[in-house]
Participant: 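Could you have a look at this structure, given as structure tokens, before my questions?
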Amino acid sequence: MIDSAHTPDPNPLGSLDDWEDDVKRRYPEPAAAGATVAQLTAATAAQAAAPFVATNPEKKNEEFRDYRAEARASVKEFYRLNHTYQSYDFVQQKRAEFLPRTHARMGVWEALEFLNTLVDDSDPDTDVPQIEHCLQTAEAIRRDGHPRWFILTGLIHDLGKILCLRGEPQWCVVGDTFPVGCQFSTSIVFPEFFGENPDSREPRFQSDCGVYERHCGLDRVTMSWGHDEYLYHVVKDHLPEPALYMIRYHSFYPGHRERAYDHLMSEHDQKLFAAVRAFNPYDLYTKSESRPNVTALRPFYEELIAEYFPPQLAW
Ligand SMILES: [Fe+2]
């Protein structure tokens, strides 16, 4: 008989937003706010020549201690589950399950409304509906005069979270992403939880490159499973490449913030990560802004969606 009192809760977060709030706590300052994609491309190309370091040597021990001490118990438990179960074999199973995209046919606005049915357990008085988060991100990008594809990317970047509505646990949908099939970087939040991951005992995965060639490019690297990779496959035929990088790697904080996986990235990845870094401030720091009027904004976004997407997509 299962003792329910001692069975770990598969969904410890009160809300999916608790993970993003924790990311914002770890990264309180935007890394590259205000820069254009073109400016960031130039900056990133110069930085690409820098030698690989597994962890950020500038980061003091106190900072590592801080995030541990300050993390909420629910968030810590969420990372424990994520790091314990996101193994190479597990990710292959999830890819086989979801990447054929035979679960539904839906338009983009319909998917936004579907995502909005996701009801989290946190305080309903302070909870902002998911669709408003999507519009806050998009509107901030629009206000800064960025291209239409960039605005659209802001709108849709979290649509992969509909995986939660298919019964997937939180640790399979959100969380910082990282490569599997190679050594787990100590720059990933709570790296000690990888001790329970079966891949920590797999000899092939114990070097910095593991099963991959050095600088092979991220397209050849299998990332931990979550909403980024899923949505990338849903939209990949319809958006320009910088948009696809933003979608596919926006949760890859060990890559775009910590630079812990430069040894797997190609020069092309380095150039396109300028786009990921340009997007990140809009993702993290726009959620406390004023609540958008969904009805008033809908016509603008319906037109934008139709400019890039067919009426239905395979999910
Ligand atoms: Fe996201």
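All residue numbers refer to positions in the sequence shown, counting from 1. These figures come from a predicted structure and were not determined experimentally. Remember, it's 1-based here, ligands and their atoms both numbered in the order they're listed.
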Participant: NE2 of H157 to CD1 of I141: how many Å apart, nearest 0.5 Å?
Facilitator: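 Output value for this atom pair is 8.0 Å.
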
Participant: F194 vs F184 aromatic rings, parallel, tilted or perpendicular, using cut-offs 30° and 60°?
Facilitator: parallel

Participant: Looking at Y230, is R248 sitting on its ring face, NZ or CZ under 6.0 Å from the six-membered ring centre and within 45 degrees of the normal?
Facilitator: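 Relative to the ring axis of Y230, which defines the angle, R248 lies outside at least one limit.
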
Participant: Would you kindly say whether N280 and Y285 are connected by a side-chain donor-acceptor distance under 3.5 Å?
Facilitator: no

Participant: Anything protein N/O/S under 2.8 Å from the Fe ion (ligand 1)? Just list residue and atom, please.
Facilitator: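 Within the sphere that stays under 2.8 Å of the Fe ion (ligand 1), the protein atoms of type N, O or S are D158 OD1, H227 NE2, H250 NE2.
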
Participant: Hey, what's the ring geometry for Y253 with Y27, parallel, tilted or perpendicular (30° and 60° as the breaks)?
Facilitator: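 Ring orientation of Y253 relative to Y27: parallel.
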
Participant: How about E229 and W225: does a side-chain donor come under 3.5 Å of a side-chain acceptor?
Facilitator: no

